[in-house]
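In what follows, every chain begins at residue 1, and chains take the letters A, B, ... in the order their sequences are listed. Basis for what follows: all heavy atoms, side chains included, without hydrogens, waters or symmetry-related copies.
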Protein chains: 4
Amino acid sequence: MINLKQSQRSAQRKDKLIDTALELFSSKGYTGTTVKDIAKKSGVTDGLIYHYFTSKEEILHAVLAKHNFLEEVRHILQFHDELPINQTLFKLGERLLELMVSKTSFVVMVFGEAQRNKMMAKRLEELISEGVIALGGYFEGRAEQGEIKDLNYQLLARHFISSLFIYFMTYGRNCNKKEHNVYLKTVIQALCDGIIKK
Amino acid sequence: MINLKQSQRSAQRKDKLIDTALELFSSKGYTGTTVKDIAKKSGVTDGLIYHYFTSKEEILHAVLAKHNFLEEVRHILQFHDELPINQTLFKLGERLLELMVSKTSFVVMVFGEAQRNKMMAKRLEELISEGVIALGGYFEGRAEQGEIKDLNYQLLARHFISSLFIYFMTYGRNCNKKEHNVYLKTVIQALCDGIIKK
Amino acid sequence: MINLKQSQRSAQRKDKLIDTALELFSSKGYTGTTVKDIAKKSGVTDGLIYHYFTSKEEILHAVLAKHNFLEEVRHILQFHDELPINQTLFKLGERLLELMVSKTSFVVMVFGEAQRNKMMAKRLEELISEGVIALGGYFEGRAEQGEIKDLNYQLLARHFISSLFIYFMTYGRNCNKKEHNVYLKTVIQALCDGIIKK
Amino acid sequence: MINLKQSQRSAQRKDKLIDTALELFSSKGYTGTTVKDIAKKSGVTDGLIYHYFTSKEEILHAVLAKHNFLEEVRHILQFHDELPINQTLFKLGERLLELMVSKTSFVVMVFGEAQRNKMMAKRLEELISEGVIALGGYFEGRAEQGEIKDLNYQLLARHFISSLFIYFMTYGRNCNKKEHNVYLKTVIQALCDGIIKK
DNA sequence: TATGAATGAGCGTTCATTCAT
DNA sequence: AATGAATGAACGCTCATTCAT
């Protein structure tokens, strides 16, 4: 029994450490965060950290493993063909923004550290690619139905996703849902109908 | 008069130091780069750095001052109204990509450091805003001529610029001009005419 | 409970560090003493110093806290009125000299550092003032009893205390008790009866 | 001619450097003063310092040589026997205080540096001893005339001089002449007549 | 499990001094 | 005589990591 309780507490503690690490990495960056920082904020002694992780780098790995929202991205990207394209895009944008908002600190960390850390860069590219491929596939499907013009769908998808991403990072991080919607509507309307008056 | 040669060599050396710093900052980040690194790679002793700069931070400032391409961005953004919108956008995109390619390491550094360093964040926002405002103004002008639809031009501009930016950062960094053009054409065609078949 | 031994050894080590620091500060001055010096002389690595103290300045504070003899001075200065004035002064002088002798290196350090370091200057002034005020009060009391002449008792007290102090600093530091007594007798006799033959 | 002018300017410059050094040493201490500081404040380049002095230490020597007021102390200490003792002591005290006031920064430096620097300590002891011996001799002379009691005149002299000195250092440094006189009168009256009411 | 003492390489920075010009 | 570029050892301090308990 004791062992069970112990191992539970142990797991909880590890979890706490990972969450604290994410928080700190997000606000101060990986390099800017001290192992001592993590220990202190988690209410744990310095040495104990190395009972749970072999190195600072491994903490980062654990953070990435726990907060990897690739699954959630994939789930969002299961497109249903019943809706008109613009509504589908709007829903997608809405959900992606929601997801990014709910994981702001994680996104910020991955983004900020990606220049320095190969693994982080790979992770970032994975996330974006996942979206790009799925959305590109959706475009292609619509094209086969004769609904959209003949274009490079992958590039188009990348354009949409990455614009959303940078909007969130540099501008929309602190905006509310209403403002997000204005952005999404503007961008999607332009994307669908073009900006040129006929 | 006496020390013309010396002061020349001194200026050259300072220049060298700035360039070396840019290189290192770009590849390892500001925090990840040691003053000793800069000294060593420049073939200079540690102490001499502080003959030219008062601190590591000042080196960063010097790097930013030397490679500040705000001026160039402004120049690129002087729109001429003779051309059709899509051609104007294409020219703009082409030049912005050219500029980013020619200053890749600088752009990467500013981008990567912006999450951590207030000054860098400001610098980045300046760069993007500059483009957003100018392009937004251009859209507005075209709208007044009845050429484009009623939309939020600032958001539209931000969409175009930031998409370009992230395309470069995550994808186009190593592409050639031809590939850039494909991207630009796709994105601009979609932006102008929409993707929906009528 | 577990680490009683460890925490004991830790406390001892901290104590050792403080004592070593006092020794070094006294002989080489605060500025002239390196943190590495303290570490080396204590048989400890550089980094460990910062496990016990947050800065070199804090080591100084710890030294001051441990060797703060203000309390002892106060105790000495509790005058008893039973004795004749000259005997009271003699006892006071004797004890103050004893105290300074037993804390020679501390006194020397405070004195030497006071010109440069505001905190040390304040500390020194505190020590002297404490004595001056107490002794001045004693003089005043005796004056009210009609035992001493009408004079500025604070200045008189300062005169006595500071003379004692500089005697110790520049001359009596290495003298024995007998020599101290000669000094005290001479000075006190002169102070009480004057040097002029009537 | 040119050489004469040059050597004049050279001498002036050296003088300027010494004075600046004194100023800086006094306010920031010897260790706290940078050779660069001296150069800058003197309007001279770093390297030139070493054309005039072989080291920082030598600058200190030069400062001491130039501002050595032993001569002046000796002059002040030429006692004349016409006056009553208390007036003689008052005149002596007055002049010594005047001298210390006029050379405040020098006195402060010597005093502050004496704990760290053997040479400075020796210099300080020289100055004090000079006064002690002269004043002790004067006392002895008066004693032979039957004017003062039988006491240890050297200790008495040390008492008077050092009290004066510490009064200046810790208290009278910023007082005006009037306040000095109050101090001197009090101390001298007590010294001459004693403080005990008969 | 858990502690926190201990390590030691490395950080940004300072500064007396040297030296080519 | 004068410059200021250049040196390099040393400074106070940080921190990921190890380890005895």
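In this structure, A:Ser10 reaches the E:dT1 phosphate: one of its side-chain N or O atoms is under 4.0 Å from OP1 or OP2. Of the side-chain N and O atoms in A:Arg9, none sit less than 4.0 angstrom from OP1 or OP2 of E:dT1. In terms of phosphate contacts, B:Tyr52 brings a side-chain nitrogen or oxygen within less than 4.0 Å of OP1 or OP2 of F:dA6.
No side-chain heavy atom of B:Ile59 sits less than 4.5 Å from a side-chain heavy atom of B:Tyr52. Between A:Lys16 and A:Gln12, every side-chain heavy-atom pair lies at or beyond the 4.5 Å cut-off. Counting only heavy atoms from C-beta outward, the side chains of C:Glu113 and C:Met119 never approach each other to under 4.5 Å.
With E:dA2, F:dA2, E:dG4 as the choices, the nucleotide that has an atom nearest any side-chain atom of D:Thr45 turns out to be F:dA2.
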What does nucleotides 12-18 of chain E look like as a protein-contact string, B for base, S for sugar-phosphate only, - for none, at under 4.0 angstrom between heavy atoms? SBBSSBB
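Rounded to whole Å, the distance from CG on B:Leu24 to P on E:dC11 is 12 Å. Straight-line distance from the NZ atom of C:Lys40 to the C1' atom of F:dG12: 16 Å, rounded to whole Å. Look at CD1 on A:Ile49: it is 18 Å from P on F:dC19, rounded to the nearest Å. Between A:His51 atom NE2 and E:dT1 atom C1' the separation is 5 Å, expressed in whole Å. The CD1-C1' distance, from A:Ile59 to F:dA16, rounds to 10 Å in whole Å. Spacing between atom CD of B:Gln8 and atom P of F:dG4 amounts to 16 Å, rounded to whole angstrom units.
Under the salt bridge (Lys or Arg N to Asp or Glu O under 4.0 Å) rule, A:Asp19 has a single partner from A:Lys66, A:Lys41, A:Arg13, which is A:Lys66.
With a cut-off of 3.5 Å on both pairing distances, the Watson-Crick or G-U wobble partner of F:dA6 is E:dT17. Base-pair partner of F:dA1: not found among the strands shown (Watson-Crick or G-U wobble, both distances under 3.5 Å). In this structure E:dG10 sits in a base pair with F:dC13, meeting the Watson-Crick or G-U test at under 3.5 Å.
Residue B:Phe53 is classed as having no contact, given no heavy-atom separation below 4.0 Å to the nucleic acid.
Nearest heavy-atom pair across C:Thr20 and C:Ile38 is CG2-O, 4.0 Å.
Cation-pi geometry between A:Lys56 and A:Tyr30 is satisfied (NZ or CZ under 6.0 Å from the ring centre, within 45° of the ring normal).
Inspection of the B:Thr31 and A:Thr31 side chains reveals no N or O donor paired with an N or O acceptor under 3.5 Å.
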